[in-house]
Every structure is written in structure tokens, then in C-alpha cells.
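For reference, the structure discussed in these notes is given below.
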Amino acid sequence: MKGREAKAARMEDILNLPVQDPPRAEFSASQLKWVKIVGGRQGGDDVALIPFARVEDFVKGESSNADCPASFRVESRRRRREGSTSKPRVDGYIEYTLYWCSYGPEDYRDNESVVGDSLGMKPLSGKGSRPGRHHMMRGCLCHFTVKRLYIRPSIALIIYNQQKHVDKTGAPCHGLLDRHAVGTRAMYAPRISEELRQKVMSMLYAAIPIDDIMQHHMELVQRHGGPLNRDDFLSRNDVRNMERLVHNSSHELNENDECSVKIWVRRHQKYVFFYQERTDTEPFIMGIQTKWQLEQMLHYGRNGSIAMHSSFGRNKLKYPLCTLLAFNTSHSAIPVAWIISSSLICQGIHKWIGPLAERIYTKDPTWQLSSFLVDDCSFKVSLIREAFRCRVLLCLWHVRRAWIRNLIKRSCHSGVQREMFRLLGSILYCTRSNAVEEFMQVFVDQCAFMEYFRERWLPRIDALISGMKSLPTAGPEPQAAIESYHLRSKFKLLDIQYCNLWLRVDWLIHMLATEYHSSFWLDQYSLGTGCFENVRDPSFTSSAWHRALNILDVNVILEEQNLLLAKVLSEDRNSVYTVWNPGSEFSLCDCAWSKRGNLCEHVIKVAFLCRTRQFAGTSLGSQGYRQAMLSLLQKPPGDPIVLDHANLRVTQLHEDVNSLEELSNSGLLQRLPAEADSQMADYVRLFPPP
């Protein structure tokens, strides 16, 4: 039953109607207030205004009618270009879409009525009977029109032409109210839901046999006491049809890569939140987010964190891939959006981050992000803060990985590697302007690494140091999850068997939206249900952070008097691993995994203990913070204006530390030693703000 109707209005007055945006993921006509139109072509019809971005939510809500489960299909669609008319009507449209219940309009319940009745019930689109659907046509006249208004493109005008699921006689023709449909599939929706389709397709992409899929489905149906909706009638033919789609799908929709991408975008508009073609002046930018990814971002991003993994495949793929990651309850990274750009991702962030944030807040205006992790100091932090209204943290995972891998590759002596890595980390927090020059002079004999450092990092080191001073750094937990995602992406997307396809963007898009997307969907499904755990690859679902949880505290030898190194015993106590510079963001272990440039469980476990025991001087960020406070305590400024400014700055820092305590406790942020915080509190007491 539809919502309460207001008094009648003329079509010329529709722009004065309120735009309704129910605070639900999906909503139906019963949650809207309708106005009946008087006169004109739409006379007698009910109308309402909603945000155009929520049309799909309305269609899904209408399809979930408890008395008459249905599936609304697009019967006809027309589009106009902006600027195509100089004097548009008040109900003029950019896009016109007619939705019709899939149980109509033709009626094939009585074979004798096929010739006579169906001819008079064709919709305006002029479409005739649909081969293969005769068994489901029951003459349903329920349909509505959606117009994306020309004058206000962000608004959709819904015109409900016939809201009841009835045939030409006015009698119910399907659902629970139709007595002739009782005991048949006409009691339920005519097609399986998008959720079940996504579920089955993901299983097929994961190479799960049809027999296993059907057995799992029947077990679920039996568990809730038999068929309750159309999804419960999933047949082997349904699965075979989807399997055929999987096998016949191809990334190459056109020989030309750019044309192929355009075709994909046209077919999957609801997955694309931003698209810009490459021109002589503008780079190619494409943002992809499926419905499932949107749901994961809304769920795990609420009061949580989103991390950026940028520039993946820069040296192999045609265009590098940037991924936004959310962290689930098991601290694993889930891709919630992909951005492909022909330019540096930091240069185009101002174009796509706004549409992405709008997409999120349109779904849930109350959604709030706690922190956003960036891995590049060149990002405009102000844009991120403005879009998501959250804190921004700096993640050093890619810096750490690049330095370790190149030190191991270009420097032979392990002792030199450890010392160079420690000093590289200390440079980021050093206040001396000549720290980089001193480092390069001390290790001038390491020619191979110095050449790499001079070419790759020297132009960027100042921006990195500046970023370290202005942004808090993320802890080891999110870094371990990001590393696991990176290795998984490398294994799946940079497999040598695809080397001939790396230079095609349409292949990358196809892989992301099908196989790669399905693997993460299946991980989450298996995590929530316990099913198909044998299909999951434990090497990617378990990060170094998870492995660190299995190391007992008694197997870690850590002396507060000697923080140069720590010892970690293996589970069988037959092996001993040494962690140098323990507790720091730039710790280094001698295990095989760490020597390959990865973040190992021994480093993370030692960092845990350093944080819980609050060993002073472990984190380089804490050292720099404490040194700045000590220097201010020892030499307070004599100028009253400077002193007032210093007092204000310290007070602000103290408030920031208190507000970041929650992030520190969750492991997303490096914890400050208690000593540093107490020293700052002492300074506030010595020099209280006026």
C-alpha cells in the first residue's frame, strides 16, 4: 500500500514538491508521500520526487513487496543530451525509463487469450511477446516511469501509472493475493535476486563445482524450513546458465582498447562512480565500485579506517592501479574501490574523491569515517579531510618495503644493511637540514644503493620528511593487511600468464570486476558462514599480523636496558630470530620473509610488546615528539608573543594526542610513550595558556 497522498497538484507545480530521501538502504512506495496530478497526459497518476542516485534503491524496494513479490524490468528507455532544447518543459527529462512488472503486460495464462488480449496491452515501447518468457506472463499492469529532470538532473520524478499488481479485470494476477498462483512459482518473484546471482557467480569464478553449489544451496533452504521465495527455487539450469556466462565473458569487447573500455562503462554504469576519457589535456581516470564493495565500505568504514594502496603495477600495467581498502573484523584488507589513472593518482584525486564521498553519503548520510591512511605525502590532505571529515594518517609501508628490498639487492653486508635502514628511518624524524647529506657521505662506498637513492628518493625526501612532521604514522596492523593485499594483487594480476594483456586496460577492469572481486566476496562469505573454507588461500587470508598473534610473550626476549635488538624464539624453540631496532617503524628481522622486503610477524610481535610495556624511545615518531618537547622545556622562548603561540600549539598537540588515543589502542596509530605525554603535560602546567 502506498504512502499517504497529499492534495492534487498540476504538473507545472512538481518542482515545488519536497525531495524525499528515506533513511533506508532500500525503500518502496509505502515510505513516500504521493501527490496526484490533475490534467495533462499524466492526469490521475501519482508522483513523487527522490534523488536520482536512489532510483535503484526504490526499484529494489518495490520488488520486495511482501504480498506481490516482483521484478521490475526496464521496458523502454530514452535519453537526451544536455543543451538539446532551449525551453525544456517542467517535466522535461534527460533520461526517461519505463519500469514494468515482469509478470506483464502480456497474459499467457490462457492460451486462447494470447492473440486477442496481448495485442491491446503492449506498452508504449511497442515491444511484442518475449520468447522464452511465456510461462511467466500473467497480464500484470503494474508499472511506473522515472524521469531524470532536465532542469534539475540530480532529481528523479517518479510517476506511478498503476501501483497494483492486477490484470485488465482488476484482479490480482500473481503473489499471495492470487488464489490461482498458490502452490506455483507465481507466488514469488519471477527471477532470482541480484544477491543470489552475485553469490553463485562468485562461486563459479572461484571454480567451485555446480554440484557443490547446488548441495550448499539445498542445505540452506532445508535449514530455514523449505522454500520461502524465488531464490529458494534455484535450479541446476539457473547455475548452468550463469556458468555459460562466466565461460563466454571476455575482456575484449572491441579490438581497440579505448573503445572496449567505453563499452564496458556503458554496460556497467552503476559500477562506475567516475569516468574521464583521455584527451590531449586530461588524463584517463576511472573509478569502480560494485554494490558489494559499497556495502563493505559502509559497514567496515563506519567509525573505522580506509587505507589507500596506490600505484600498483606502475612498471608493468598500462595504467597503475589504486585501491581503497577497508579492514574487516579479522584485520584483513578488503578492496572497496578501484581507481585506474594514466597520471599520478595524487594529481587527479580532486576529481574522483568528491563523487565517491557523495556516493557514500547518499546511501547513508550518518556514515562517519574515523581515519584515512595515505601512502604518499604528495596527496592533498585537505581534499580528503573535506570529503570524509576524518583524520588523515601516513602509512610508511611502501617506503619501508622499497628501502629494504633495495638495500638487500644493492648492499651485500647484512650489518651495513641494518645500519643504513636504521639511519634512513631516523632521517624522516630528524630536525637537522643536513641529515640526508651526512647519510650519503657516511655510506658513500655503497655506490649501487646511493645511485638508486639519489635518483628515486632524493627528489622526494623533503616532502616525505614534511609529511612525517604534519601527519601521525600508522601502526603495524594496517601495514600488515596492506602488504597481504599487495602480495595477493601481485599473485593474481601480475601472473606471467597474463603478460600479453598487461597493456590493455579493459583486461584489468574485467579481472577486477570478475575473478578478483569474487575472490574477496568468497572470503567474506566463508568467514561469515564457515562454508567453502577449503577454497580460500590461507597464505593471503592470514597476514603477518595474524601470525604475530600466535607468538607467545615468553618466546620474546626484550630488555629495556638494551633496545638495540630483541630475540624471538620459534614455536618449537629450535630457531631464534633477531629483530634490530625493535619497536620502531623501521625494525629489521633476519628471518627469510623479512629478507624479501616483507613485514614479518617477529617485527610486529616485538612492536606489540614495546607498545604494551610502553618502552620509551622505541618509536622514531615518539622520539622526535619527545625531543621537540624537551627542547621547548629547556629553552622556553623569551618573546611573549612567541611564548603565547607555543602555549597554544602545545595545547593543541595535547588535545590531538588525547583524541588519537582510540586509534592508538586499536593499533592503527603508533602509541606515544607515557614519558613523552607526561612531559608535555608538565610543560602545559609550567606555561599555562592565558
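All of these numbers come straight from a predicted model, not from anything done at the bench.
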For His510, give me all partners under ring pair (Phe, Tyr, Trp, His ring centres under 6.0 Å), at least two apart in sequence or on another chain.
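His510: no ring pair (Phe, Tyr, Trp, His ring centres under 6.0 Å) contacts found.
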For Trp352, what residues pass the ring pair (Phe, Tyr, Trp, His ring centres under 6.0 Å) criterion, not counting sequence neighbours?
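Here no residue qualifies.
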May I ask you to check whether [X] and [Y] show a side-chain donor-acceptor distance below 3.5 Å?
X      : Y      : answer
Tyr300 : Glu295 : no
Ser310 : Asp375 : yes
Ser519 : Lys492 : no

Quick one: does any side-chain atom of [X] pair with a main-chain N or O of [Y] as donor and acceptor, under 3.5 Å?
X      : Y      : value
Tyr516 : Ser489 : yes
Lys605 : Ile551 : yes
Thr290 : Gln293 : yes
Gln368 : Arg389 : yes

Kindly list each side-chain donor-acceptor pair under 3.5 angstrom involving residues 354-361, sequence neighbours excluded, with atom names and distances?
unit_1: Arg359; atom_1: NE; unit_2: Gln289; atom_2: OE1; d: 2.8
unit_1: Arg359; atom_1: NH2; unit_2: Lys270; atom_2: O; d: 3.0
unit_1: Arg359; atom_1: NH2; unit_2: Gln289; atom_2: O; d: 2.9
unit_1: Tyr361; atom_1: OH; unit_2: Phe388; atom_2: O; d: 3.4

Output field: ring centroids [X]/[Y] closer than 6.0 Å:
X      : Y      : value
His331 : His546 : no
His486 : Trp397 : yes
Trp502 : Tyr498 : no

Nearest heavy atoms of Tyr485 and His309, plus distance in Å:
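That closest heavy-atom pairing would be CE2-ND1, 3.9 Å.
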Please tell me if the side chains of Ser370 and Cys390 come closer than 4.5 Å, counting only heavy atoms from C-beta onward.
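Sidechains of Cys390 and Ser370: no contact.
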Assess whether a salt bridge exists between [X] and [Y], defined as any Lys/Arg side-chain N lying under 4.0 Å from an Asp/Glu carboxylate O.
X      : Y      : answer
Glu585 : Arg400 : no
Arg418 : Asp590 : no
Arg422 : Glu419 : yes

Does atom CD of Glu386 have more than 12 heavy-atom neighbours, drawn from other residues, nucleotides or ligands, at distances under 6.0 Å?
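Check fails, neighbour count at 12 or below.
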Decide if atom CZ of Arg596 counts as having more than 12 heavy atoms of other residues, nucleotides or ligands within a radius under 6.0 Å.
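12 or below, so no.
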For Phe520, is the NZ or CZ atom of Arg488 found under 6.0 angstrom from the centre of its six-membered ring and inside 45 degrees of the ring axis?
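Geometry flag: set, cation within 6.0 Å and 45°.
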Verify side chain to side chain contact (heavy atoms under 4.5 Å, CB included) between Val392 and Leu373, making sure each step is shown before the conclusion.
CA-CA 6 Å; Val392 179; Leu373 282 62; over 6 Å; no
Please work out which of the three classes, parallel, tilted or perpendicular, describes the rings of Trp403 and Phe453, given edges at 30° and 60°.
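Correct class here is tilted.
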Please work out which of the three classes, parallel, tilted or perpendicular, describes the rings of Trp338 and His517, given edges at 30° and 60°.
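Correct class here is perpendicular.
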